[in-house]
Participant: 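I have a structure here, written as C-alpha cells, and I will follow up with some questions on it.
As the structure is a computational prediction, the values presented were derived from the model and not from experiment.
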Amino acid sequence: MKLYNNTPDQVFYTIAGAGSADCGTIDAGQTTDLSWYDDKENVNVSFTAVSATPVQTPPFTVTIPSSGTGMAVTIGLYQE
C-alpha cells in the first residue's frame with residue numbers, strides 16, 4: 001500500500017492491520033510504500049500534522065475493509 005502526501009506540509013502517519021502497525025512521517029509531495037499491508041483486511045490509516053502530538057485523535061482517518069496490491073491512500077488539501 002502506498003501513502004501519498006499531497007499537502008504542502010510534512011504529515012505524521014499511522015497504519016495498522018492484522019498484526020502489523022507502523023508510523024512515520026511523509027514530506028510534502030512525497031510517498032511511502034508499505035507493501036506488507038497489501039492484501040490485508042481492515043487496514044486503518046491516519047494522518048496528522050507533524051506539529052500535533054501523534055497520540056491525539058488524528059483529523060483524517062481512513063479504514064480500508066479489504067485491500068490488494070496496488071492500493072493507495074492519499075491525503076491532500078484543496079483550496080477554491
Side-chain angles (χ1 to χ4, degrees):
M1 183 168 303
K2 292 183 180 181
L3 305 182
Y4 295 92
N5 177 7
N6 290 332
T7 72
D9 299 306
Q10 188 180 58
V11 295
F12 177 83
Y13 72 88
T14 60
I15 183 170
S20 297
D22 292 281
C23 64
T25 56
I26 307 171
D27 290 332
Q30 298 300 307
T31 303
T32 188
D33 188 357
L34 304 166
S35 60
W36 51 96
Y37 287 93
D38 290 350
D39 300 320
K40 289 194 176 190
E41 295 182 351
N42 296 316
V43 175
N44 288 301
V45 180
S46 300
F47 295 98
T48 309
V50 167
S51 60
T53 305
V55 296
Q56 293 176 340
T57 302
F60 304 105
T61 302
V62 177
T63 299
I64 300 122
S66 63
S67 63
T69 302
M71 296 287 291
V73 177
T74 303
I75 183 169
L77 301 175
Y78 299 94
Q79 180 179 352
E80 290 186 21

Participant: Quick one: pull up CG in Asn6 and OG1 in Thr31 and give me the separation to the nearest 0.5 Å.
Facilitator: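 Asn6 CG to Thr31 OG1: 7.5 Å, rounded to 0.5 Å.
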Participant: Over all heavy atoms of both residues, which pair between Thr14 and Phe12 is shortest? Give the atoms and the distance, please.
Facilitator: CG2-CE2, 3.4 Å
Participant: Indicate the atoms forming the closest heavy-atom contact of Ser20 with Lys40, along with that distance.
Facilitator: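 Here Ser20 and Lys40 meet closest at OG-NZ, 2.7 Å.
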Participant: Donor-acceptor pair, distance only, cut-off 3.5 Å: does the side chain of Asn5 make one with the backbone of Asp27?
Facilitator: yes
Participant: Begin with the C-alpha distance, continue with both residues' side-chain angles, and end with the deciding distance and a verdict on side chain to side chain contact (heavy atoms under 4.5 Å, CB included) for Asp22 and Trp36.
Facilitator: CA-CA 11 Å; Asp22 292 281; Trp36 51 96; 3.0 Å; yes
Participant: Applying the 4.5 Å side-chain criterion to the ILVMFWY set and letting contacts propagate, would Ile15 and Tyr4 be lumped into a single cluster?
Facilitator: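 No; tracing contacts between hydrophobic side chains, which count when under 4.5 Å, never links both residues.
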Participant: If you round to the nearest 0.5 Å, how far is OG1 of Thr48 from CD of Gln10?
Facilitator: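 The distance works out to 12.0 Å.
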Participant: Atom CD1 in Ile26, atom CG in Leu3: separation rounded to 0.5 Å?
Facilitator: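 Those atoms lie 5.0 Å apart.
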Participant: Looking at every heavy atom in both Thr25 and Tyr13, which two are closest together, and how far apart are they?
Facilitator: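 So the two residues come closest at N-CE2, 3.8 Å.
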Participant: Does Tyr37 reach the main-chain N or O of Lys2 with its side chain, forming a donor-acceptor pair under 3.5 Å?
Facilitator: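 Absent.
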